[in-house]
Every structure is written in C-alpha cells, then in structure tokens.
Amino acid sequence: MRVLIVEDEQRLAENIVAALREVGLAVDHASDGETGSHLAEQGVYDAIVLDLMLPGKSGQRILHDLRRQRDTLACFDPDCPGR
C-alpha cells in the first residue's frame, strides 16, 4: 500500500510517516501544497492524507482538483468540499 502525506508541520509529518512505515506501508511526504499536488496528480496512491491549511496551495484546493480528475477519491472530513 502506498500513502501520500501532505503536511507542513515537520514533527507531525515525521511521526505520521514513521508510524506508517513501521507497519510496512510505502510513504511519500510533501511539506507544501504545490509539491503535494504534483505528487498526488503524478503518483499512484492508495490513500492521501491532506492537511487543509498548507503553504502554496491549500489541502482543500488539492482535494477539489483531484476529485475533478478521479471519481474514486473518498474524503472522511465532515467539512469536505464536494460531499
């Protein structure tokens, strides 16, 4: 399973990445919205964890853009746009 973490708080991101790798998942990390958006659009991920408030491009904008490209993307945030 491959997971993308898009989180700008370094310590939080490191903890999430370490925990996921510890259970055997392949994890990529982006610390800003532009990089996260690029990785999400170019990569093949089973799950994407987005911080909503990111530098460069918000997590909400990334989610909106991805949902326009892929109709299988799920969101578990009750405030999720496009729900």
Undergrad: More than 12 heavy atoms of other residues, nucleotides or ligands under 6.0 Å from CD of E22: yes or no?
TA: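 Counting neighbours around CD of E22, 12 or fewer heavy atoms of other residues, nucleotides or ligands fall under 6.0 Å, so no.
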
Undergrad: Would M1 end up clustered with Y45 when hydrophobic side chains under 4.5 Å apart are linked, directly or stepwise?
TA: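 M1 does not cluster with Y45.
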
Undergrad: Which residue in the set V3, I16, V27 passes side chain to side chain contact (heavy atoms under 4.5 Å, CB included) when paired with R21?
TA: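 The single option meeting the side chain to side chain contact (heavy atoms under 4.5 Å, CB included) with R21 is V27.
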
Undergrad: Picking from I5, V6, L4, T35, what satisfies side chain to side chain contact (heavy atoms under 4.5 Å, CB included) with H29?
TA: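 When side chain to side chain contact (heavy atoms under 4.5 Å, CB included) is applied between H29 and each of I5, V6, L4, T35, only I5 qualifies.
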
Undergrad: For the side chain of E9 and the backbone of R11, is there at least one donor-acceptor N/O pair under 3.5 Å apart?
TA: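 No: the side chain of E9 does not pair with the backbone of R11.
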
Undergrad: If you measure from NE2 on H64 to CD1 on I62, what distance do you get to the nearest 0.5 Å?
TA: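 The NE2 atom of H64 sits 12.5 Å away from the CD1 atom of I62.
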
Undergrad: Can you hop from V17 to L39 via hydrophobic side chains spaced under 4.5 Å?
TA: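 Not linked; separate clusters.
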
Undergrad: Quick one: side chains of residues 46-56, donor-acceptor pairs under 3.5 Å with protein atoms, not counting sequence neighbours, listed by atom name and distance.
TA:
{"unit_1": "D46", "atom_1": "OD2", "unit_2": "R2", "atom_2": "N", "d": "2.8"}
{"unit_1": "D51", "atom_1": "OD1", "unit_2": "M53", "atom_2": "N", "d": "3.2"}

